[in-house]
Participant: 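Submitted below is the structure of interest, expressed as structure tokens.
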Amino acid sequence: MFLISKLVWIFAQPLSLAFLLVFFALIAGLLNWRILHILSTFGAALILFITLYTTAGNLLMQDLEERFARPAADPDNLQCMIVLGGAFENEVNTARHGIEFNGGADRFIEALRLAQKFPQSRILVSGGDGSMSGIYEGDAAASERFFPLFGVGRDRLIEETQSRTTFENAVNTKEFLASQGLSNCLLITSGFHMPRSVGIFRKLGIDIVPWPTDYRTDGKVTPGLDFTQPSLNAQNMATAIREWYGLVGYYLAGRTSELYPQ
């Protein structure tokens with residue numbers, strides 16, 4: 001299932017679909033299949049235009065981010081927090097033995113803030129190597145270097161190093177929580193990733209408090225054209241589409257409590 005999902009995403013993301021349609025258009029042109037050539041060319045152009053030069057991807061991202069509101073204030077007391085992996089540049093860290101983050105760094109920055117404010121809290125970091133090769137260290141391993149740099153002792157960390165997907169995050173986390181006697185933890189992950197994460201945790205009967213972070217939109221996006229940032233538009237479109245693939249796929253597989261949790 002893990003490898004299948006990786007392979008499907010390689011070809012199903014918007015820019016890959018556009019490339020495949022251009023390829024089909026080229027073949028259709030060589031074979032003089034006029035209608036297929038026109039349809040493939042138009043389809044590729046439409047995908048590229050919507051992905052690069054409209055706010056469609058940002059709107060999808062914004063809707064995902066707004067399914068779970070961030071609490072207005074910190075909790076009065078905090079026993080534990082679960083931080084889902086996906087924030088470290090694992091290939092770079094494995095090679096250079098450093099601490100390099102990607103765009104999801106807010107997951108760990110927020111966890112660090114809360115850890116310093118609530119020194120009694122435990123931190124469960126769930127994340128192994130999510131690559132197809134399986135040769136890199138995961139977020140849980142990198143966190144062992146990150147948190148102690150800011151005064152958070154290793155004895156407060158619970159490292160779940162085997163997960164490659166969000167579903168595995170939840171399954172493995174459930175076992176760790178039970179073994180440590182922890183419950184009702186904050187669930188820290190990116191806002192756009194929270195609906196799918198909560199759906200899986202609910203399905204498994206894990207009590208959590210959603211604590212979204214790492215927002216990619218300002219919450220004020222409206223439908224329209226945007227020629228100013230095509231690369232960012234494409235990135236947000238791909239991220240949002242990938243989340244929706246995950247939501248639909250996990251729902252059909254019976255792994256989430258509902259199609260679009262809120």
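Because only heavy atoms are used, hydrogens play no part in the values below, and waters and symmetry mates are left out as well, while side chains stay in. Just so you know, these numbers come straight off a predicted model, no measurement behind them.
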Participant: With a 4.5 Å cut-off on side-chain heavy-atom distances among I, L, V, M, F, W and Y, is there a chain of contacts connecting L204 to F201?
Facilitator: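 Yes, because L204 and F201 connect within a single hydrophobic cluster, where side-chain heavy atoms sit under 4.5 Å apart.
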Participant: Could you verify whether a donor N or O on one side chain and an acceptor N or O on the other, from N58 and N236, lie under 3.5 Å apart?
Facilitator: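 Side-chain D/A pair, N58 to N236: present.
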Participant: Nearest 0.5 angstrom please: I200 CD1 to R255 CZ, how far?
Facilitator: 8.0 Å
Participant: Is there side-chain contact between T213 and R70, with heavy atoms separated by less than 4.5 Å?
Facilitator: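 SC-SC contact between T213 and R70 confirmed.
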Participant: On the ring face of Y250, is R196 found with NZ or CZ under 6.0 Å from the centre and within 45° of the axis?
Facilitator: yes
Participant: What pair of heavy atoms forms the shortest contact from P195 to G191, and how long is it?
Facilitator: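 Answer, listing the atom of P195 first, then G191: CD-O, 3.5 Å.
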Participant: Which heavy atom of L17 sits nearest a heavy atom of A12, and at what distance?
Facilitator: CD1-O, 3.4 Å
Participant: Considering residues, nucleotides and ligands other than L31, do more than 12 of their heavy atoms fall under 6.0 Å from its CG?
Facilitator: yes
Participant: Begin from the C-alpha positions of L21 and I47 and carry the test side-chain contact (heavy atoms from CB on, under 4.5 Å) through to its verdict.
Facilitator: CA-CA 10 Å; L21 286 172; I47 290 174; 3.7 Å; yes
Participant: Test your reading of the model: is there a side-chain donor-acceptor pair from E65 to the backbone of R216, 3.5 Å cut-off?
Facilitator: yes
Participant: Begin with the C-alpha distance, continue with both residues' side-chain angles, and end with the deciding distance and a verdict on side-chain contact (heavy atoms from CB on, under 4.5 Å) for I109 and D106.
Facilitator: CA-CA 5 Å; I109 294 173; D106 284 356; 3.9 Å; yes
Participant: Nearest 0.5 Å, please: how far is CG in L225 from CG in N233?
Facilitator: 10.5 Å
Participant: Roughly how far, to the nearest 0.5 Å, is the OG1 atom of T55 from the CD atom of Q229?
Facilitator: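 Separation between the atoms: 10.0 Å.
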Participant: Just how far is it from atom CG of D74 to atom NZ of K117, taken to the nearest 0.5 Å?
Facilitator: 3.5 Å
Participant: Working to the nearest 0.5 Å, report the span between CD1 of I208 and OG1 of T173.
Facilitator: 11.0 Å
Participant: Could D139 and R107 be called an ion pair, given the rule that one side-chain N must be under 4.0 Å from one carboxylate O?
Facilitator: no
Participant: For atom CD of Q162, is the number of surrounding heavy atoms from other residues, nucleotides or ligands below 6.0 Å larger than 12?
Facilitator: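 Incorrect, the count does not exceed 12.
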Participant: Could you check if a side-chain atom of L247 sits within less than 4.5 angstrom of a side-chain atom of L64, using non-hydrogen atoms only?
Facilitator: yes
Participant: Which heavy atom in P148 sits nearest to a heavy atom in S143, and how many Å separate them?
Facilitator: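 Heavy-atom minimum between the residues: CD-O, 3.9 Å.
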Participant: Checking the side chain of T51 only, and the main-chain atoms of A234 only, is there a donor and an acceptor separated by less than 3.5 Å?
Facilitator: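 Not a single qualifying donor-acceptor pair exists.
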Participant: Quick one: closest heavy-atom pair of P75 and W211, and the distance?
Facilitator: CD-CH2, 3.7 Å
Participant: Do Q13 side-chain atoms and W9 backbone N/O form a donor-acceptor pair below 3.5 Å?
Facilitator: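 Yes; judged by distance alone, with no hydrogens or angles, the pair exists.
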Participant: Do F192 and D214 touch side chain to side chain, with heavy atoms closer than 4.5 Å?
Facilitator: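 A side-chain contact under 4.5 Å exists here.
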Participant: Begin from the C-alpha positions of Y251 and W244 and carry the test ring pair (Phe, Tyr, Trp, His ring centres under 6.0 Å) through to its verdict.
Facilitator: CA-CA 10 Å; Y251 179 72; W244 267 106; over 10 Å; no
Participant: How far apart are the C-alpha atoms of E160 and S126, what are their side-chain angles, what is the distance that settles it, and do they pass the side chain to side chain donor-acceptor pair (under 3.5 Å) test?
Facilitator: CA-CA 5 Å; E160 189 283 292; S126 179; 2.6 Å; yes
Participant: Should I206 and V209 be counted in the same cluster of Ile, Leu, Val, Met, Phe, Trp and Tyr side chains packed under 4.5 Å apart?
Facilitator: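 As far as the 4.5 Å side-chain criterion goes, V209 and I206 are not connected within one cluster.
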Participant: For F101 and F146, take the angle between the two ring planes, folded into 0 to 90°, and tell me which bin it lands in: parallel under 30, tilted 30 to 60, perpendicular over 60.
Facilitator: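 Taking F146 first and then F101, their aromatic rings stand perpendicular (interplane angle over 60°).
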Participant: Hey, what do you get for CD (Q79) to CZ (R122), rounding to the nearest 0.5 Å?
Facilitator: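 Between Q79 CD and R122 CZ, I get 9.5 Å after rounding to 0.5 Å.
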Participant: Is L149 reachable from V83 through a run of hydrophobic residues whose side-chain heavy atoms are each under 4.5 Å from the next?
Facilitator: yes
Participant: Shortest non-hydrogen contact from S121 to A115?
Facilitator: OG-CA, 4.0 Å
Participant: For E258, is there any backbone N or O sitting under 3.5 Å from a side-chain donor or acceptor partner on T256?
Facilitator: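 Yes; judged by distance alone, with no hydrogens or angles, the pair exists.
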Participant: Would you sort out whether L177 and I82 count as a side-chain contact (heavy atoms from CB on, under 4.5 Å), showing the intermediate values?
Facilitator: CA-CA 10 Å; L177 293 177; I82 302 163; 3.9 Å; yes
Participant: Would L114 end up clustered with L84 when hydrophobic side chains under 4.5 Å apart are linked, directly or stepwise?
Facilitator: no
Participant: Taking C-beta and beyond as the side chain, do D207 and S183 meet within less than 4.5 Å on heavy atoms?
Facilitator: no
Participant: Quick check: are there more than 12 heavy atoms from other residues, nucleotides or ligands sitting under 6.0 Å from CZ of F11?
Facilitator: no
Participant: Between T41 and I38, is any pair of side-chain heavy atoms under 4.5 Å apart?
Facilitator: no
Participant: Are I99 and F150 connected in a single hydrophobic cluster, I mean Ile/Leu/Val/Met/Phe/Trp/Tyr linked by side-chain heavy atoms less than 4.5 Å apart?
Facilitator: yes
Participant: Would the number of heavy atoms belonging to other residues, nucleotides or ligands and lying under 6.0 Å from CZ of F49 be above 12?
Facilitator: yes
Participant: Can you check whether L78's main-chain N or O pairs, donor with acceptor, with Q120's side chain at less than 3.5 Å?
Facilitator: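 Yes.
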Participant: So do T217 and E66 actually touch side chain to side chain, heavy atoms under 4.5 Å?
Facilitator: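 No. Closest side-chain heavy atoms not under 4.5 Å.
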Participant: So, the side chain of T161 versus the backbone of A140: is there a donor-acceptor pair under 3.5 Å, distance only?
Facilitator: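 Checking the backbone N and O of A140 against the side chain of T161, no donor-acceptor pair under 3.5 Å is found.
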Participant: What verdict does the side-chain contact (heavy atoms from CB on, under 4.5 Å) test give for L187 and M194, after you've listed the backbone C-alpha separation in whole Å, the side-chain angles of each residue and the deciding distance to 0.1 Å?
Facilitator: CA-CA 9 Å; L187 178 62; M194 190 61 76; 4.0 Å; yes
Participant: Within the side chain of D63, is there an N or O that forms a donor-acceptor pair under 3.5 Å with the backbone of L59?
Facilitator: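 Between the backbone of L59 and the side chain of D63 there is no qualifying donor-acceptor contact (under 3.5 Å).
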Participant: If we ignore hydrogens and angles and just use 3.5 Å, is the side chain of S163 paired with the main-chain N or O of E168 as donor and acceptor?
Facilitator: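 Flag set: sc S163 to bb E168 pair under 3.5 Å.
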Participant: Within a reach of under 6.0 Å around CZ of F19, are more than 12 heavy atoms found that belong to other residues, nucleotides or ligands?
Facilitator: no
Participant: Using side-chain heavy atoms (C-beta onward) and a distance below 4.5 Å, is M61 in contact with V221?
Facilitator: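 A side-chain contact is absent here, since even the closest heavy-atom pair is not under 4.5 Å.
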Participant: Should F24 and L36 count as side-chain neighbours, where that means a heavy-atom distance under 4.5 Å?
Facilitator: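 With C-beta onward as the side chain, the pair stays apart.
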Participant: Minimum heavy-atom separation for R113 to E110, with atom names?
Facilitator: NH2-OE2, 2.7 Å
